[in-house]
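We use all heavy atoms of the structure for the numbers below, so side chains are in, but hydrogens, waters and symmetry mates are not. Throughout, protein chains are lettered first and strands after them, A, B, ... in sequence-line order, and every chain is numbered starting at 1.
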Amino acid sequence: MEVHLRVQRFHPQVDAEPHWQEYRVEVPEHATVLDALLAARDEQDETLTLRCSCRSHICGSCVMKVNGTSCLGCKTKVSHARKRLAAGEPIRVAPAGNLPVVKDLAVDLEVFFGKVKAIEPYLQPDGPPPEREYLVPNEAMLTVREAMACILCGCCVSECNSLEVEPRFLGPAALAKAWRFTEDPRDAADRHRLEFVSAPGGIWDCTHCFACVEVCPKDVKPMERILELRRRAMEAGFTDNNGARHSQAFADTIAESGWLDETRVLSRSLRGLPELLEWAPVGMRALLRGKMPLRHRRLSGAKQIRAIFAAAQRRSGEPPREHAPGR
Amino acid sequence: MVVRHDVLVVGAGLAGMRAALAAQAAGADVAIISKVYPVRSHSNAAQGGINAALAPDDSWESHAYDTVKGSDYLGDQDAIEILAREAPQAILELEHMGVVFNRDEEGRLGSRNFGGASHARTYFVGDFTGQAILHVLYEQLVHSGIRAYNEYFCTELLRDADGAVSGVTAFDMRSGEVSAFSAGAVVLCTGGMGRVFEPSTNALICTGDGTALAYRAGTALMDMEMVQFHPTTLKSNGALISESARGEGGYLLNRDGERFMRTTAPNAMELASRDVVSRAAQVEINEGRGVDGCVLLDVRHLGAAKIMERLPQIRELALEFAGADMIDAPVPVLPGMHYEMGGIRTDVQGATPLAGLYAAGECACVSVHGGNRLGANSLLETVVFGRRAGEAAAAFARSRPAQPAPESSRADAERALRALVARGGHERSAKLRLEMGQVMTRRVGVFRDDAGLREAERTLVGLRERYADVEIQDKGTLFNQALVAALELDFMLDLARCVVAGALARTESRGAHTRVDHPRRDDATWLKHTLCLATPDGPRVDTAPVSITRWQPQERKY
């Protein structure tokens with residue numbers, strides 16, 4: 001079948017800015033977008049630059065955006081990529097997002113791998129290893145495996161909405177790797193790890209938009225790992241930060257009055273005068289638009305909402321709210 | 001840039017990272033240089049597992065014997081004994097580093113059955129064992145602080161005045177900058193050369209670079225005709241369906257729904273060694289008992305739960321590229337090029353006859369696989385012999401510190417690359433690569449004969465001539481992948497000649513090498529290795545004896 005591609009090109013020594021180039025190639029029915037790009041490169045234009053290797057979504061080289069969504073080119077079938085396009089409309093291929101472009105579809109991975117390295121991505125056991133293997137339940141290994149399935153391709157990083165506004169954010173891939181160690185019974189550095197990811201640029205920078213979960217080619221669900229890290233960090237007592245305070249204040253006001261008390265959430269999330277002053281303009285605007293009422297009334301159905309909280313806590317095996325300050 | 005390290009490891013897959021860690025532990029200043037980031041290496045693709053006689057009712061002797069038998073007695077038994085003896089410790093080391101191996105009910109390492117093995121001694125992480133180990137070794141590499149030069153392409157081995165290997169020339173693929181890396185010892189761990197064939201289960205990066213570098217430097221390549229065809233690959237794109245599908249109990253069926261392995265290997269059935277199963281499958285296909293050029297792999301009877309826990313990745317691959325959900329339907333598969341048993345000849349320390357040059361992993365031939373590699377022995381080889389090569393290289397480098405490479409070697413390499421990029425021509429490397437791969441698959445596949453091999457040889461000679469007329473379209477220095485593709489093709493054209501030369505010379509059928517014009521194993525003449533040495537007219541074939549310690553050759557029955 002013939003495939004019509006529209007590929008974003010950029011050569012920093014030649015081009016002032018990126019431009020689009022079209023290719024028409026002949027590929028078999030089962031072809032992936034990567035197959036089509038390789039046909040374009042091999043048969044028409046050797047200057048087209050892209051990373052790829054395994055062709056079976058295990059090496060993680062070919063992260064790119066196809067029709068605006070991050071994916072592995074080798075896991076995206078041409079037939080699938082064409083589904084939502086109008087007749088005659090080309091498949092759009094662009095480099096991964098949130099990473100600087102080196103040339104065409106190849107992006108700079110140094111920052112990406114730098115963040116992976118920052119989380120101390122290696123087992124830190126307590127003392128020397130046993131003579132034989134560590135004795136650990138298979139279930140624990142199966143759980144850790146969910147994150148070991150990560151191939152560090154960067155699809156999640158490419159799609160991450162938080163990274164777009166906060167480049168210092170460690171990002172979903174690195175944090176999923178951090179989770180992998182906190183979940184491993186053989187690792188003894190939990191507190192150290194949880195403290196590190198609780199710092200600015202860590203777990204509290206995620207806006208839980210689900211984008212990473214949707215695009216992950218290995219079903220690692222990075223956002224769920226981040227939420228789990230938050231819960232564990234708070235349990236471990238790492239609550240003295242904006243994120244943890246915000247989360248706590250949020251839950252507290254809803255449990256108490258049935259709905260969000262923006263004023264209290266904002267004031268309890270922030271610490272110290274400088275932070276309050278920094279956020280004052282936002283607060284003023286919210287106040288003027290009626291988003292931050294000075295008087296907060298309890299909802300008439302607040303009692304039922306408290307019952308929901310209680311039921312949820314019973315189900316998760318947690319103690320009731322009243323007896324669990326700091327949660 | 002001129003760089004100096006005690007030990008320079010080329011390639012950052014399992015063997016390379018294990019070698020680098022071992023060399024560092026032995027006190028050397030180590031650097032690792034790779035044309036891809038470490039986690040992109042092809043060790044990723046090993047699915048099934050890693051072998052070791054760890055269970056109380058198993059023994060290293062049994063593991064070694066299975067390996068010797070699997071190799072069709074061409075494996076060197078001194079090396080195989082080391083492989084089997086050191087396997088348990090190698091796996092425990094990986095476990096201690098953090099590999100998330102599957103466990104049994106007591107929380108101990110759990111194993112599965114694999115082809116050609118008399119015990120369930122394959123330890124595994126689902127069906128992505130290679131990836132799980134590769135990423136953990138990468139974690140250890142990060143921890144070690146070993147300097148990694150990622151996305152560098154090596155063009156040549158440097159030699160000192162005494163002829164010893166003293167480093168490499170390489171260029172930074174991103175910037176195009178050419179550098180000389182000098183080292184007291186160089187360890188080649190550049191993996192396989194599957195792209196010599198088309199199709200292949202191998203990744204696009206598997207172009208045998210290190211094997212070709214060693215060959216050009218004058219060291220021998222051993223048993224290059226021993227190419228493994230994996231019995232179960234997908235027709236559409238050559239992707240691998242792991243042996244773990246059969247290890248977990250999957251069947252191979254012909255058009256009539258018969259388990260055709262019953263006639264060839266009545267005891268081991270689908271879990272006979274790979275050469276045996278591939279030949280049987282190819283016979284079914286050739287004699288018209290296949291389905292659309294394939295046989296069928298059926299795991300439906302295992303049930304959805306087991307398939308999802310133990311074979312999730314291959315189910316996904318079959319779904320994507322064959323349109324078959326293994327839970328409900330058999331998948332059409334056929335034998336496909338998978339692994340090169342041959343390679344750079346080394347001793348059991350990973351040393352080549354060239355002083356200062358070491359090799360380990362698929363690019364090397366120590367030889368533990370002989371004529372046919374058993375599944376899950378390749379991961380094991382990388383860590384056992386990667387470690388040994390790293391230690392030996394560190395010891396050698398202590399006795400001979402790195403001398404700074406002369407600037408002229410760097411400048412020469414740069415000039416050669418510039419000339420290659422600048423030259424005009426009428427051929428494209430992608431086209432030549434495809435022609436090479438197709439003739440190799442057609443004439444140097446599961447079944448071979450003299451006439452076909454000679455045809456392949458003529459084609460390769462013609463391709464070498466046409467290579468001189470290849471033009472690289474990209475004339476820049478920045479991330480010039482067209483240049484890399486041309487250099488890789490240059491390497492592979494040399495290696496393809498060696499595969500054919502070995503196959504022509506070996507007038508018998510042994511392991512994966514089946515000559516229809518010489519259908520019997522001939523121990524009297526050919527219980528020996530073939531060696532290929534570079535000459536201006538192509539490879540010259542020599543032979544070397546096989547090391548036999550305790551297992552005399554017998555007829556193989558599965």
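Across E29(A), E110(A), E43(A), the residue that shares the most heavy-atom pairs under 4.5 angstrom with chain B is E110(A). Looking only at heavy-atom pairs under 4.5 Å with chain A, the residue among L134(B), I205(B), T201(B) that has the most is I205(B). When A140(A), P129(A), P12(A), S53(A) are compared by the number of non-hydrogen pairs under 4.5 Å with chain B, S53(A) comes out ahead. When each of V125(B), V100(B), L240(B) is scored by its heavy-atom pairs under 4.5 Å with chain A, the top score falls to V100(B). Most heavy-atom pairs under 4.5 Å with chain A, from the set K475(B), R174(B), E106(B), H42(B): that is R174(B). With chain B as the partner, the residue from R145(A), K177(A), M148(A) showing the most heavy-atom pairs under 4.5 Å is R145(A). By number of non-hydrogen pairs under 4.5 angstrom with chain A, the leading residue of R108(B), Q89(B), E105(B), K431(B) is R108(B). With chain A as the partner, the residue from G126(B), A132(B), A239(B), A45(B) showing the most heavy-atom pairs under 4.5 Å is G126(B). Most heavy-atom pairs under 4.5 Å with chain A, from the set E93(B), R433(B), R40(B): that is R40(B). Interface check for chain B: of the options V116(A), V102(A), L152(A), the most heavy-atom pairs under 4.5 Å are formed by L152(A).
Here the side chains of Q47(B) and I58(A) are not in contact, with every heavy-atom distance at 4.5 Å or above. Contact check for S236(B) versus H30(A): side-chain heavy atoms found under the 4.5 Å cut-off. Annotation: side chain of Q44(A) is not in contact with side chain of R428(B) (no heavy-atom distance under 4.5 Å). Taking 4.5 Å as the limit, some side-chain heavy atom of F113(A) sits within range of a side-chain heavy atom of Y138(B). Considering only heavy atoms from C-beta on, E309(B) comes within 4.5 Å of N138(A) through its side chain.
Ion pairing between E316(B) and K75(A) holds under the 4.0 Å rule for side-chain N and carboxylate O.
Only the side chain of D184(A) comes within contact range of chain B, with at least one heavy atom under 4.5 Å from a heavy atom of that chain. Within the 4.5 angstrom heavy-atom criterion, no atom of S144(B) approaches chain A. Both the backbone and the side chain of P121(A) come within less than 4.5 Å of a heavy atom of chain B. The part of L92(B) that comes within reach of chain A is its side chain, from C-beta onward, which places non-hydrogen atoms under 4.5 angstrom from that chain. Using a 4.5 Å cut-off between heavy atoms, S43(B) does not touch chain A at all. Both the backbone and the side chain of I151(A) come within contact range of chain B, each with at least one heavy atom under 4.5 Å from a heavy atom of that chain. The part of V99(B) that comes within reach of chain A is its backbone (N, CA, C, O), which places non-hydrogen atoms under 4.5 angstrom from that chain. Heavy atoms closer than 4.5 Å to chain B are found in both the backbone and the side chain of E133(A). Within the 4.5 angstrom heavy-atom criterion, only backbone atoms of F101(B) (N, CA, C, O) approach chain A. Interface residue L109(A): backbone and side-chain heavy atoms are both found under 4.5 Å from chain B. Proximity to chain B is absent for every atom of H80(A), based on heavy atoms less than 4.5 angstrom apart. For a residue to count as touching a neighbouring chain, one of its non-hydrogen atoms must lie under 4.5 Å from one of that chain's; by this rule C74(A) touches chain B with the backbone only. For a residue to count as touching a neighbouring chain, one of its non-hydrogen atoms must lie under 4.5 Å from one of that chain's; by this rule D108(A) touches chain B with backbone and side chain alike.
For the side chain to side chain contact (heavy atoms under 4.5 Å, CB included) test with E139(B), the passing option among K117(A), R180(A), E120(A) is R180(A); the others fail.
Using cut-offs of 30° and 60° for the angle between ring planes, the H143(B) and Y122(A) rings count as parallel. Between Y134(A) and H96(B), the ring planes are perpendicular. Angles over 60° get that label, and only those under 30° would be called parallel.
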Would you please test R51(A) and E151(B) for salt bridge (charged side-chain N to carboxylate O under 4.0 Å, His left out) and show each step?
CA-CA 11 Å; R51(A) 290 193 186 91; E151(B) 300 194 318; 2.6 Å; yes
After noting the C-alpha distance and the side-chain angles of H57(A) and L317(B), does the key distance pass the side chain to side chain contact (heavy atoms under 4.5 Å, CB included) rule?
CA-CA 9 Å; H57(A) 30 95; L317(B) 282 173; 3.9 Å; yes
Set out, in order, the CA-CA distance, both residues' side-chain angles and the distance that settles side chain to side chain contact (heavy atoms under 4.5 Å, CB included) for R132(A) and L54(B), then state yes or no.
CA-CA 10 Å; R132(A) 293 276 300 195; L54(B) 263 167; 3.5 Å; yes
Could you walk me through whether D35(A) and N237(B) satisfy the side chain to side chain contact (heavy atoms under 4.5 Å, CB included) test, starting with their C-alpha distance in whole Å, then the side-chain angles of each, then the deciding distance to 0.1 Å, before giving a yes or no?
CA-CA 10 Å; D35(A) 292 331; N237(B) 66 348; 5.8 Å; no
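Remark: side-chain polar atoms of R55(A) are paired, donor with acceptor, to backbone N or O of N202(B) under 3.5 angstrom. A donor-acceptor pair under 3.5 Å is absent between the side-chain atoms of E46(A) and the main chain of A482(B), judged by distance alone. Of the possible donor and acceptor atoms, none in the side chain of Q140(B) sits under 3.5 Å from a partner among the backbone N and O of L123(A). Without hydrogens or angle criteria, R186(A) side chain to E95(B) main chain gives a donor-acceptor distance under 3.5 Å.
For the atom pair Q473(B) CD and T47(A) OG1, the distance stands at 7.0 Å (nearest 0.5 Å). Between atom SG of residue C150(A) and atom CD of residue Q131(B) there is a gap of 8.0 Å, rounded to the nearest 0.5 Å. Interatomic distance, CD of Q313(B) versus OG of S56(A), reported as 7.0 Å (0.5 Å rounding). Interatomic distance, L204(B) CG to S61(A) OG, rounded to the nearest 0.5 Å: 9.0 Å. Atoms CG and CG, from D42(A) and L434(B) in turn, are 8.5 Å apart once rounded to the nearest 0.5 Å. For the atom pair Q481(B) CD and L48(A) CG, the distance stands at 8.0 Å (nearest 0.5 Å).
The shortest non-hydrogen separation linking F479(B) to A106(A) is CE1-CB, 4.0 Å. L478(B) approaches K103(A) most closely through the heavy-atom pair O-NZ, 2.9 Å.
When the shell of 6.0 Å around CG of D126(A) is examined, it contains 12 or fewer heavy atoms from other residues, nucleotides or ligands. Sparse packing is recorded around CZ of R168(A), with 12 or fewer heavy atoms of other residues, nucleotides or ligands lying under 6.0 Å away.
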